[in-house]
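Notes for the one structure printed next.
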Number of protein chains: 2
Amino acid sequence: MTDRTARPVRVLLVDDQPLLRTGFRMVLGAEEDLDVVAEAGDGVEAVDLSRRLLPDVVLMDIRMPRMDGVAATRAIVDARLPVRVLILTTFDLDEYVVGALRAGASGFLAKDVPAEDLVTAIRTVAAGEAVVAPRILKRLLDRFADVLPDPSATPPRSLAALTEREREVLVQVARGLSNSEIAAELSVSETTIKTHVGHVLTKLGLRDRVQAVVLAYETGLVRPRG
Amino acid sequence: MTDRTARPVRVLLVDDQPLLRTGFRMVLGAEEDLDVVAEAGDGVEAVDLSRRLLPDVVLMDIRMPRMDGVAATRAIVDARLPVRVLILTTFDLDEYVVGALRAGASGFLAKDVPAEDLVTAIRTVAAGEAVVAPRILKRLLDRFADVLPDPSATPPRSLAALTEREREVLVQVARGLSNSEIAAELSVSETTIKTHVGHVLTKLGLRDRVQAVVLAYETGLVRPRG
DNA sequence: CCCGATCTCCTCCCCGGGGAGGAGGCTCAC
DNA sequence: GTGAGCCTCCTCCCCGGGGAGGAGATCGGG
């Protein structure tokens, strides 16, 4: 409907109540930088539309027919779509909150949130940050602060099976280099690199270097940014 | 010069002098199609805000604490953000100009530029074109016209250049899928996927899908799940 | 001293990926 | 209506990547 330069934050509305969707659409439509690109009436539709339209933010209800919002969130996150999910529900029960956040949601708000707070939250989530309603957050922290996962630990996976040299080659692969470029970089022959790459793929059960790059990022062997 | 009824141009102001930022904000605020979305006081903030807000244009000072404008420009450009940098400085020394443009800046103006010229320049840069103050340009050409780099290749390397479908395909590529797998996933022929992938590579100036995966992670199109 | 692991390098072979150069249909803007 | 994008699909062609199946060299430990 609009242009594809994705300037405004593109939002997908997911709720089984059409009336409520209409209300939200009007609220968000008043914001210049928010663009409701589609609506879904249940989780299945939500996942499908997320995959096809790649919205920046999905405003997701929890209680819905066919597939609930938590399952839909998990499906979207597991599919690794570049899509953030902001849960917006009538019930801020703890189980919902925990389930949704575990599923990978970027935020959790109650439906009675002021319009201004909602649009702010959408922008925040679109920017890659997270939002949880203060009241809900407080309860969350009270209950789970002591069991928060250790952020320092992110152990490499099957990468341990690799030799020093193989890991080194994998890093170069994950920089987008070709075999010949890596050979030049490490001052060995291209054949040698091919051998190393072959070993890496075999040991990690991967099909090609593309999957090797994905795994390198997912395991943290290499990290985005710099 | 034609498409100005569309969404506003989102601008990030970067200068270490708050007063000067205020002045610019007022000037730009008077323009309906310009939208100052944020301000930064140094290069570090500028890079961070660019990454998070993806403004269309960054108005960048050069002399700043922590990280100067040239380094910040380079960081933004290297991250392949769909963001154009317009340098705006008190000093139009040649070293600054060359350094900034080498770093990937889309324009270079002196701070004493008339307000009208500035807003025009912003629109021009936002449209993907470049602007250098005539006086500065003259000096540049005098010195470097004979060593100008090959103009044949250096296309816009920005995810924003991609169509909806191309971005969608890129996401699948970045999941490690083959063309035939993506074809099955999206219910089209493998040939179509090859076409889309080809366009993605061409538009982003990449060599193969491996580099596409790297870029997808580096730009945040897809993110590792920690 | 010999074994296993690692790193190095080779050839032969096949296939998927990517470029070139199309074409038809569709929608929207002018 | 005309044209510009976009999405869809095709063929022909080439090359880099990856598998198979080796081999020689080094080094540490049993």
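Every chain is numbered from 1 and lettered A, B, ... according to where its sequence line falls, protein lines coming before strand lines. From a predicted model like this one, the values you see are computed outputs, not experimental measurements.
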| field | Spacing between B:Asp208 atom CG and C:dG17 atom C1', to the nearest angstrom | value | 9 Å
| B:Asp208 side chain to B:Gln211 backbone, donor-acceptor under 3.5 Å | yes
| Roughly, in whole Å, what's the span from NE2 in B:His199 to C1' in D:dC9? | 12 Å
| query | Which whole-number value in Å describes the distance from A:Lys194 NZ to C:dC9 P? | reply | 14 Å
| B:Asp35 (side chain) donor-acceptor with B:Val37 (main chain) under 3.5 angstrom | no
| query | Would you say a side-chain N or O of B:Arg165 is under 4.0 Å from OP1 or OP2 of D:dT8? | reply | yes
| Closest to the A:Thr191 side chain: C:dC7, C:dC10, D:dC9? | C:dC10
| query | Does A:Glu166 reach the main-chain N or O of A:Thr163 with its side chain, forming a donor-acceptor pair under 3.5 Å? | reply | yes
| task | Kindly say whether A:Arg21 contributes a backbone atom to a donor-acceptor pair with the side chain of A:Asp15 at under 3.5 angstrom? | result | no
| said: What contact category does A:Ser189 fall into here, base, sugar-phosphate, or nothing, at under 4.0 angstrom with non-hydrogen atoms? | reply: sugar-phosphate
| Please give, in whole Å, the distance from C:dC10 C1' to A:His196 NE2? | 14 Å
| field | Within residues 168-185 of chain A, residues whose heavy atoms come under 4.0 Å of DNA chain C | value | none
| task | Give the rounded distance in Å between these two atoms: CZ of A:Arg52 and C1' of D:dC7. | result | 14 Å
| query | In whole Å, what is the span from the CG atom of A:Leu206 to the C1' atom of D:dG17? | reply | 14 Å
| field | Between P of D:dG17 and CD of B:Gln211, the distance in whole Å | value | 11 Å
| query | Is the phosphate of C:dC9, meaning OP1 or OP2, less than 4.0 Å from a side-chain N or O of A:Thr192? | reply | yes
| message | With a 4.0 Å cutoff (strictly under), does any side-chain N or O of A:Arg207 reach OP1 or OP2 of D:dG18? | response | no
| message | As a quick check of understanding, evaluate side-chain hydrogen bond (donor to acceptor under 3.5 Å, both in side chains) for B:Thr192 and B:Thr195, giving each step before the final call. | response | CA-CA 5 Å; B:Thr192 300; B:Thr195 301; 5.9 Å; no
| task | Figure out the CG/P separation between A:Leu201 and D:dA20, and round it to whole Å. | result | 12 Å
| request: Tell me what A:Glu190 touches on the nucleic acid: a base, only sugar-phosphate, or nothing, going by heavy atoms under 4.0 Å. | output: sugar-phosphate
| Got a donor-acceptor contact below 3.5 angstrom from the A:Arg74 side chain to the A:Ala105 backbone? | no
| query | Does B:Arg84 use its side chain to pair, donor to acceptor, with the backbone of B:Pro55 at less than 3.5 Å? | reply | no
| task | Please state whether the phosphate of D:dC7, meaning OP1 or OP2, lies under 4.0 angstrom from any side-chain nitrogen or oxygen of B:Thr163. | result | yes
